[in-house]
Amino acid sequence: MLVITTGSMISRMHISDGAVPKHAQLRAILEDMCDTELKPGDPLPGERALEECYGVSRITVRRAIGDLVAAGRLRRVRGKGTFVAPSPLVSRLHLASFSDEMEAQRVVASSRILLSGRAAPPEFVSEFFGTDPSTAHIHLRRLRLGDGEPYAIDDAWYNGTLVPDLLENDVYKSVYTLLEQDYGLGITEADQTVSAVTASEANASLLDVSPGAAVLHIVRYARSGSQSVELCSSVYRSDRYHLTTRVARSTEHTQ
């Protein structure tokens with residue numbers, strides 16, 4: 001029986017010859033390690049340590065790690081090593097802020113402000129807000145993080161006629177909470193469209209993915225009652241954001 005120790009981490013599983021390939025056995029061991037001994041962001045033991053501990057080749061180690069990287073369980077950081085990947089955020093397509101969804105899954109949400117100010121928006125934003133094209137609105141672009149790891153980029157416009165001093169508040173946190181508590185404009189409904197796109201070079205750099213990687217593009221037109229409050233275009237890492245919903249077959253009779 002082999003033992004590997006890295007800090008406080010100890011694994012007492014072993015690899016043997018048999019019908020199950022060694023890389024598959026090692027993959028299972030590493031996956032169990034991620035589930036029971038490590039948390040998102042923790043480093044995986046080095047390749048040489050894994051080779052020596054489990055008596056396998058470098059090729060076997062790299063294949064096992066590569067499988068888990070492809071599955072989204074691990075992530076490689078050039079020059080630093082391999083780390084346990086953040087758990088994906090699961091959205092059930094209900095009205096909730098990014099902060100609320102992260103909190104529900106015990107992930108610490110934070111933001112990095114990329115752009116903030118007042119400006120005349122694109123025409124489709126003015127049309128949604130029902131204002132003259134020259135009317136200035138609030139433009140806020142944020143990199144959304146979970147446990148310090150990039151999950152999404154939100155590029156949002158807020159109705160400046162309703163929340164003219166929004167940026168004087170703490171917009172690093174939940175803007176939806178601000179809208180509800182400070183302005184009485186809790187979001188009550190939204191039209192939302194989800195599509196698959198590829199990451200631009202700028203977005204890829206912020207999200208820590210390769211240019212051209214598949215990402216989710218979500219556009220939300222949000223209202224508080226009859227008032228148009230927010231138009232937000234978001235780009236999410238597809239390996240860190242999952243959409244799920246329950247569907248039912250229509251009871252209407254079809255001919």
**Request:** Give, for atom OH of Tyr183 and atom CG of Asn159, the distance between the pair rounded to the nearest 0.5 Å.
**Result:** 12.0 Å
**Message:** Are the side chains of Pro133 and Glu123 in contact, using a 4.5 Å heavy-atom criterion?
**Reply:** no
**Fill in**
Test side-chain contact (heavy atoms from CB on, under 4.5 Å), reference Val229, set Val163, Ile187, Thr188, output is Ile187
**Prompt:** In Å, rounded to the nearest 0.5 Å, how long is the span from CZ of Arg73 to CD1 of Ile65?
**Reply:** 14.0 Å
**Request:** Identify the heavy atoms of Pro150 and Leu143 that sit nearest to each other, and give their distance.
**Result:** CB-CD1, 4.2 Å
**Item:** Residue pair Tyr236, Ile218: steps toward the side-chain contact (heavy atoms from CB on, under 4.5 Å) verdict
**Value:** CA-CA 8 Å; Tyr236 281 81; Ile218 301 176; 3.8 Å; yes
**Request:** Kindly compute the distance separating CZ (Arg27) from CG (Asp32), expressed to the nearest 0.5 Å.
**Result:** 13.5 Å
**Asked** CG/Asp170 to CG/Asp182 distance, rounded to the nearest 0.5 angstrom?
**Response** 10.5 Å
**Prompt:** Taking everything shown except Phe124 itself, do over 12 heavy atoms lie less than 6.0 Å from its CZ?
**Reply:** yes
**Request:** Could you pull out the closest heavy-atom pair between Pro164 and Ile138, with the gap in Å?
**Result:** O-CD1, 3.9 Å
**Side-chain heavy-atom pair Glu37, Asp42 within 4.5 angstrom cut-off** = no
**Prompt:** Do other residues, nucleotides or ligands put more than 12 heavy atoms under 6.0 Å from the CZ atom of Arg58?
**Reply:** yes
**Prompt:** Closest approach of Ser238 and Ala214, non-hydrogen atoms and distance?
**Reply:** OG-O, 3.0 Å
**Asked** Between Leu167 and Gly117, which heavy-atom pair has the shortest distance, and what is it?
**Response** CD1-N, 3.3 Å
**Asked** If you measure from the Lys or Arg side-chain nitrogens to the Asp or Glu carboxylate oxygens, is any gap between Arg223 and Asp191 under 4.0 Å?
**Response** yes
**Item:** Shortest non-hydrogen separation from Pro45 to Met33 and the atoms involved
**Value:** CD-SD, 4.1 Å
**Request:** Give the C-alpha distance, both sets of side-chain angles, the deciding distance and a yes or no for side-chain contact (heavy atoms from CB on, under 4.5 Å) between His137 and Thr131.
**Result:** CA-CA 10 Å; His137 293 286; Thr131 60; 2.8 Å; yes
**Item:** Ile113 and Leu140: CA distance, side-chain angles, deciding distance, side-chain contact (heavy atoms from CB on, under 4.5 Å) verdict
**Value:** CA-CA 8 Å; Ile113 306 299; Leu140 179 62; 4.0 Å; yes
**Asked** Are Arg75 and Glu149 ion-paired here, with the side-chain N under 4.0 Å from a carboxylate O?
**Response** yes
**Complete:** Output for pair (His139 NE2, Leu231 CG), nearest 0.5 Å, gives 10.0 Å
**Prompt:** Would you say Glu180 has more than 12 foreign heavy atoms packed within less than 6.0 Å of its CD?
**Reply:** no
**Prompt:** Salt bridge check: are Glu230 and Arg220 linked by an N-O gap of less than 4.0 Å?
**Reply:** no
**Side chain to side chain, Phe129 and Thr135, heavy atoms closer than 4.5 Å** = no
**Message:** Are Leu74 and Leu44 packed together at the side-chain level, in the sense that at least one heavy-atom pair is separated by less than 4.5 angstrom?
**Reply:** yes
**Prompt:** So, do Asp147 and Lys39 sit near enough that their side-chain heavy atoms are less than 4.5 Å apart?
**Reply:** no
**Leu50 vs Leu30, side-chain contact (heavy atoms from CB on, under 4.5 Å): CA-CA, chis, key distance, verdict** = CA-CA 10 Å; Leu50 293 172; Leu30 297 180; 4.0 Å; yes
**Item:** CZ (Arg63) with more than 12 external heavy atoms under 6.0 Å
**Value:** no
**Item:** Between CZ on residue Arg76 and CZ on residue Phe83, distance to nearest 0.5 Å
**Value:** 12.5 Å
**Item:** Heavy-atom neighbours of Leu114 CG exceed 12 at 6.0 Å
**Value:** yes
**Asked** Nearest heavy-atom pair of Ser210 and Ala199: which atoms, and what distance?
**Response** O-CB, 4.3 Å
**Message:** Ring-plane angle category for Tyr221 and Phe128, please: parallel below 30°, perpendicular beyond 60°, tilted otherwise.
**Reply:** perpendicular
